[in-house]
Amino acid sequence: MKIIDGKACADLILEEVKAEIARFNARPGLAFILVGDQPASETYVKRKIAACENVGIASFDCRLSEGVSEAELLAKIDEFNQESDIDGIIVQQPLPSHICTTKLIAAIDVLKDVDGFHPLNVGRLLLGDESGMISCTPLGIIKLLERSKISVSGKEVVIVGRSNIVGKPLAALLMQKGRDATVTVVHSKTKNLAEVCKRADILIAAIGKPKFITDQMVKEGAVVIDVGINRVDGKLVGDVDFEKVEKIASKITPVPGGVGPMTIATLLNNTWQSYKRRHSL
Ligand code: NAP
């Protein structure tokens, strides 16, 4: 099948997590820290909380005003670090400009860093050690490729976007010994971007620009993974011009229903893994 069904794959992972949680009669906990009034963040958190409920993870929802101080936020993180019922902590980004995001992430207990953004977890990943927490979107993409039986070994993979949450950790995962992809990461200062993209056996778009990847940038038969989530006229669209690219790609993820559900499933699985590690299961 040409369409890579991320929703179906994510549902399977969620069923597995739910069954394991029930088997251990466990109650993992995931805490959300949300600052200010941001409709997009609000939607993401609501979706994550609903998913938690479905699999048997308790959610702890902490909402703070836009004017909250860094010290107050650090104190909240410390409280959640100490709370034994909490296995994962998420600080929903973006944060107001007076807050240092890096400082907050570094304050999260590394064992509860289910987003995989803590410098220790990022460092471990770069050193080839995947025993720490790994960022949910990149790990979700790896799982989606694996479960769709798409091998990356020896393939030319081009990632468009070099963000800390998608492009960089995804490049690290793909080039890891054992996965063995040949990875190129391109960004807004890359010359001949279209030509580089056209080399890709697997093209991954994480840009944040609707329909940026056109059919002119894709090799015949390439696998195309669309990470982008953009709202255009009230509709969700990816970074790939799906209608055109679908005609030449061998496989492609849709938006919605591609990478997005895999991100949430991976977050819940990370929370469950954290619970197991903290309870020596
Ligand atoms: P980001 O931090 O804004 O990074 C965007 C990247 O795209 C940057 O590296 C930027 O290059 C590059 N870029 C921007 N314009 C470009 C251009 N004209 N040509 C080439 N490269 C260009 O974004 P992000 O957080 O990685 O997110 C990317 C997209 O994925 C967004 O739509 C976001 O909503 C979505 N997303 C989806 C999920 C999911 O679960 N599906 C998860 C996370 C993010 P520079 O570095 O040079 O500026």
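Indexing begins at 1, ligand by ligand and atom by atom, following the structure's order.
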Checking contacts here: is it the side chain or the backbone of [X] that comes within 4.0 Å of ligand 1, counting heavy atoms only? Could be both or neither.
{"X": "Leu193", "result": "side chain"}
{"X": "Asn230", "result": "side chain"}
{"X": "Ile165", "result": "side chain"}
{"X": "Met262", "result": "neither"}

* Asked: Just by modelled atom types, is the Phe80 backbone N or O under 3.5 Å from a matching donor or acceptor in the Lys112 side chain?
  -> yes
* To do: For the pair Asn81 (side chain) and Glu79 (backbone), establish whether a donor and an acceptor sit closer than 3.5 Å, ignoring hydrogens and angles.
  => no
When you compare ligand 1 with [X], is there at least one nitrogen or oxygen pair between them that comes in under 3.5 angstrom?
{"X": "Ser163", "answer": "yes"}
{"X": "Ile229", "answer": "yes"}
{"X": "Val160", "answer": "no"}

* Please determine which of Asp239, Ile204, Leu170, Val157 meets the side-chain contact (heavy atoms from CB on, under 4.5 Å) test together with Ile225. => Ile204
* Please report the C-alpha distance between Ser59 and Asp61 in whole Å, then the side-chain angles of each, then the deciding distance to 0.1 Å, and finally whether the side-chain hydrogen bond (donor to acceptor under 3.5 Å, both in side chains) criterion is met. => CA-CA 6 Å; Ser59 40; Asp61 191 2; over 6 Å; no
* Heavy-atom distance from atom 27 (O) of ligand 1 to the protein below 4.0 Å? ->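 Protein heavy atoms within 4.0 Å of atom 27 (O) of ligand 1 - there are none.
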* Would you say Gly260 touches ligand 1, if touching means a heavy atom closer than 4.0 Å? ->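 Checking ligand 1 against Gly260, which is what was asked, there is a heavy-atom contact under 4.0 Å.
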